[in-house]
Amino acid sequence: MSKTAIITGASSGIGRESAIALSKAGWNVVLTARRLDQLNETAQLCPGETLVLAGSIIDEPFVKSVFEATTKRFDRLDLLFNNAGISPRGIPLDELTLEGFKEILDTNLIGAFIAAREAMKVFKSQSPKGGRIINNGSLSAHVPRPNASPYTISKHGMTGLTKSIALEGRAYDITCTQIDIGNAHTTMAAGHTVATLQPDGRMMPEPTMSVEYVASTIVHIASMPPDVAMLEVNIMAAGAPYVGRG
């Protein structure tokens with residue numbers, strides 16, 4: 001019997017590549033993001049069964065409808081990949097507006113919470129019970145970049161969400177993993193190859209890695225049996241300035 005995954009932020013980048021990889025591995029994939037045209041492009045690249053649902057991750061009624069449509073179509077849910085997120089342009093904390101701060105937290109953290117909450121409801125109620133959540137963290141869940149306080153805070157919050165899910169889900173065969181990715185070559189991260197502000201004030205290019213390695217890691221985590229948990233995993237370009245950043 002095929003397993004079913006919901007992937008948020010599936011219109012491009014890590015979300016798209018992970019959806020394709022899961023589909024090639026035999027999963028049904030539910031693709032959600034705001035951009036319908038790009039979601040349809042992702043679906044065309046998936047060899048297996050897909051369900052495309054366009055909307056905002058911070059629209060609570062929409063997110064609820066995604067889980068309802070998933071269980072109606074595929075009967076159960078096995079995986080949520082909480083991938084949707086945005087990265088703002090660099091701005092010093094003292095110049096950051098409250099509106100700008102909230103926008104990042106809403107998308108990166110509040111949206112992840114809403115989706116995780118709905119996934120846990122399904123995992124607890126289905127038979128057999130259980131399922132897995134993978135949260136897209138970041139190296140910024142551990143160490144900040146300069147002028148990136150809202151993104152850093154949102155990803156530190158994701159760590160708290162991941163651990164809370166892991167703890168509260170333990171009795172229901174629900175596992176949770178945070179994947180902390182460093183410089184996967186996507187549209188969001190492509191600018192790192194040109195020049196990125198370093199803590200000492202220099203602008204320096206940084207190495208990136210193919211997003212396919214992230215996607216294969218998602219498939220590996222998703223394929224683990226329910227009695228195996230992987231709380232945290234880091235995958236990054238070997239030369240990414242993480243160890244010793246700052």
Side-chain angles (χ1 to χ4, degrees), residues 1-23 25-46 48-86 103-127 129-137 154 157-158 161-162 164-165 168-169 172-179 215 218-219 221-222:
M1 181 178 177
S2 296
K3 292 185 176 182
T4 299
I6 293 174
I7 302 100
T8 72
S11 58
S12 63
I14 291 168
R16 171 176 285 184
E17 293 299 327
S18 297
I20 294 168
L22 285 165
S23 184
W27 288 66
N28 306 315
V29 291
V30 180
L31 312 172
T32 184
R34 292 173 296 175
R35 300 174 295 177
L36 180 59
D37 289 346
Q38 286 86 344
L39 284 175
N40 285 331
E41 289 176 5
T42 301
Q44 291 172 3
L45 296 168
C46 294
E49 290 290 320
T50 63
L51 177 61
V52 172
L53 299 166
S56 171
I57 193 65
I58 59 174
D59 180 345
E60 187 176 21
F62 168 72
V63 176
K64 288 182 177 181
S65 74
V66 169
F67 287 84
E68 291 167 359
T70 297
T71 53
K72 182 177 181 180
R73 171 80 174 271
F74 299 113
D75 295 326
R76 65 176 284 115
L77 176 67
D78 301 283
L79 173 70
L80 165 66
F81 181 24
N82 249 334
N83 169 70
I86 55 176
E103 180 185 12
I104 303 303
L105 260 67
D106 281 348
T107 302
N108 292 4
L109 186 56
I110 304 302
F113 153 72
I114 297 170
R117 183 191 66 191
E118 297 307 309
M120 291 186 75
K121 289 178 182 178
V122 175
F123 292 156
K124 286 183 177 182
S125 64
Q126 63 191 4
S127 181
K129 68 180 183 298
R132 191 178 299 270
I133 297 173
I134 301 175
N135 288 330
N136 190 342
S154 72
M158 187 72 93
L161 177 63
T162 297
S164 295
I165 294 167
E168 295 188 25
Y172 303 95
D173 294 330
I174 299 169
T175 62
C176 190
T177 300
Q178 180 166 308
I179 182 167
I218 296 296
V219 174
I221 297 167

> Does the pair F123 and D173 meet the rule for a side-chain contact (heavy atoms from CB on, under 4.5 Å), with working shown?
Replying inline: CA-CA 8 Å; F123 292 156; D173 294 330; over 6 Å; no
> Does a side chain donor of either R35 or S12 reach within less than 3.5 Å of an acceptor in the other side chain?
Replying inline: yes
> Do you know the tightest heavy-atom contact between L39 and A10?
Replying inline: CD2-C, 3.8 Å
>> Using side-chain contact (heavy atoms from CB on, under 4.5 Å), reason through F67 and L80 one step at a time and then give a plain yes or no.
In response: CA-CA 10 Å; F67 287 84; L80 165 66; 4.3 Å; yes
> Can you tell me how far CG of N135 sits from SG of C176, rounded to the nearest 0.5 angstrom?
Replying inline: 4.5 Å
>> As an exercise, state the distance from CD of E103 to CG of N108, rounded to the nearest 0.5 Å.
In response: 9.5 Å
>> Between S2 and W27 (side chain of the first, backbone of the second, donor and acceptor by atom type, cut-off under 3.5 Å), is there such a pair?
In response: no
> For A112 and M158, which heavy atoms make the closest approach, and how far apart are they?
Replying inline: CB-CE, 3.8 Å
> Does the pair T177 and T162 meet the rule for a side-chain contact (heavy atoms from CB on, under 4.5 Å), with working shown?
Replying inline: CA-CA 7 Å; T177 300; T162 297; over 6 Å; no
>> Rounded at 0.5 Å granularity, tell me how far OG1 in T42 sits from CG in D37.
In response: 11.0 Å
>> Would E49 and V29 count as a side-chain contact (heavy atoms from CB on, under 4.5 Å) here? Give the steps.
In response: CA-CA 6 Å; E49 290 290 320; V29 291; over 6 Å; no
> Side chains of N83 and T8: donor-acceptor distance under 3.5 Å anywhere?
Replying inline: no
>> Donor-acceptor pair, distance only, cut-off 3.5 Å: does the side chain of E118 make one with the backbone of V122?
In response: no
> Does any N or O in the side chain of S127 come within less than 3.5 Å of the main-chain N or O of K129, such that one atom is a donor and the other an acceptor?
Replying inline: no
> How close do V52 and A43 get, heavy atom to heavy atom, and via which atoms?
Replying inline: CG2-CB, 3.8 Å
>> Taking R132's backbone N and O only, do any of them form a donor-acceptor pair with T175's side chain (distance below 3.5 Å, no angle check)?
In response: no
>> Please give me the minimum heavy-atom distance between L31 and A19, naming the atom from each residue.
In response: CD2-CB, 3.5 Å
> Within a radius of less than 6.0 Å around CZ of R117, do more than 12 heavy atoms belonging to other residues, nucleotides or ligands occur?
Replying inline: yes
> Closest heavy-atom contact between G15 and I7?
Replying inline: O-CG2, 3.7 Å
>> Tell me which one of L22, T4, I133 satisfies side chain to side chain contact (heavy atoms under 4.5 Å, CB included) with L79.
In response: L22
> Do we see a donor-acceptor contact under 3.5 Å between the side chains of S11 and Q38?
Replying inline: no
> Can you tell me how far the CG atom of L51 sits from the OG1 atom of T70, to the nearest 0.5 Å?
Replying inline: 6.0 Å
> Within a strict 4.5 Å, meaning less than it, do heavy atoms of the T32 and F62 side chains meet?
Replying inline: yes
> Below 4.5 Å, heavy atoms only, C-beta onward: do E17 and I218 meet side chain to side chain?
Replying inline: no
> Salt bridge check: are R73 and E68 linked by an N-O gap of less than 4.0 Å?
Replying inline: no
>> With a 3.5 Å distance limit and no angle check, can you tell me whether S23 reaches the backbone of I20 through a side-chain donor-acceptor pair?
In response: no
> Under the 3.5 angstrom rule, does the side chain of T50 hit a backbone N or O of C46 as a donor-acceptor pair?
Replying inline: no
> Do you know the tightest heavy-atom contact between F74 and V30?
Replying inline: CE1-CG2, 3.9 Å
>> If I take atom CD1 from residue I110 and atom CD from residue E60, how far apart are they, to the nearest 0.5 angstrom?
In response: 11.0 Å
>> To the nearest 0.5 Å, what is the distance between OG1 on T71 and CG on L77?
In response: 8.5 Å
> Do any N or O atoms from the side chain of D78 and from the backbone of A5 form a donor-acceptor pair under 3.5 angstrom?
Replying inline: no
